[in-house]
2 protein chains.
Amino acid sequence: MVDTVDLKIIESLKVNSRTSFVEIGKQVGLSPSSVRERVQKLEDTEVIKGYNVQLNNRKLGFGLEVFIMFKLFSGKLKTFCEQLEQFPEICEVFRITGTHNIFMKVILVDQLHLQQFIDRLLLYGEPTTHLILSDLKNL
Amino acid sequence: MVDTVDLKIIESLKVNSRTSFVEIGKQVGLSPSSVRERVQKLEDTEVIKGYNVQLNNRKLGFGLEVFIMFKLFSGKLKTFCEQLEQFPEICEVFRITGTHNIFMKVILVDQLHLQQFIDRLLLYGEPTTHLILSDLKNL
DNA sequence: ATTGAAACGGCCCCACC
DNA sequence: GGTGGGGCCGTTTCAAT
């Protein structure tokens, strides 16, 4: 269903998702039309879910990035999920195994913002916060 | 340095980083040239760090996604960082606060693969593994 | 910093293999 | 599933403002 050429195309898009089909075609030895067709199929079958931009949040005025391990109060999962849109600070949320059954990545302006955010979270469970010090993949 | 028009452009790229400058121009009320110039500047100043593709790892044969909270042995940070390329399974790594001072997201084929991966990690520290059950942002 | 115009290159559809 | 071509659309550069 997904062959090695598809994987090469995906590798190329991983490096830069704005790469043109012509350029990808050169890399994988295929015509632009074929690349387009394959990418289309990968999108249709939801192997490719979307294309994102990677931002420097600090330079956008968000000086704090934190991970929160969250222990939801029992029976609160549904209401928490429904309220997720009320927390624009949460950029990723996952249900995970462990006593802290929710994991989230949160982007915040500063410590005050973090405090206010945690206060709002306390309605739904018990948070444990870990500040992100540095991204080891990008220096 | 980054004004509201830049923020609108960034919002558009967040939704889909392959959106054309013409389309973004329509959304923000600017000519394609101007959009391009602004995006160029955002890239040059590293506000925009890159463009990524969002994949369905399960459909690519990676059935397990886990978070690992990692307690590095003292003095092992440097060697661990140098060995990172030897762990293609690690797709994100951060230094964080807390007794588990490293956080990583890892993509794996199956439980056997996880076991082998953890065995290799044990040279550098003590891992605590959390399976990802579901992404609450996307269903 | 923004623009329009022009040249260029990429995208897309379709007919064909 | 892959290709090639023609028309269209997007991108890039640049001179002018």
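Just so it is clear: chains get the letters A, B, ... in the order the sequence lines come, proteins before strands, and each one is counted from 1.
- Comparing D:dT11, C:dG10, C:dC12 against the side chain of A:S20 picks out C:dG10 as the nearest.
- Between B:V53 and A:S17, the shortest heavy-atom contact is N-CB, 4.0 Å.
- The aromatic ring centres of A:F73 and A:F80 sit 6.0 Å or more apart.
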Requested in this report: Could you give me the CA-CA distance, side-chain angles and deciding distance for A:Q111 and A:Q115, then say whether side-chain hydrogen bond (donor to acceptor under 3.5 Å, both in side chains) is met?
Outcome: CA-CA 6 Å; A:Q111 288 100 320; A:Q115 180 179 320; over 6 Å; no
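- Contacts between residues 32-43 of chain B and DNA chain C, defined by a heavy-atom separation under 4.0 Å, are made by B:S33, B:S34, B:E37, B:R38, B:K41.
- Put simply, CZ on A:R18 is 15 Å from C1' on C:dG9, counting in whole angstrom units.
- If you take CZ of B:F21 and C1' of D:dT11, they are 8 Å apart, rounded to a whole angstrom.
- Counting heavy-atom neighbours within 6.0 Å of A:R58 CZ, excluding the residue itself, gives a total of 12 or less.
- In this structure, a donor-acceptor pair under 3.5 Å is absent between the side chains of A:N56 and B:E46.
- Rounded to whole Å, atom P of D:dG2 lies 7 Å from atom CG of A:D3.
- Side-chain proximity of A:V22 to C:dT2, D:dT11, C:dC11: nearest is C:dC11.
- The interatomic distance linking A:L30 (CG) with D:dG1 (C1') rounds to 9 Å, in whole Å.
- Here B:Y51 and A:Y51 keep their ring centres 6.0 angstrom or further from each other.
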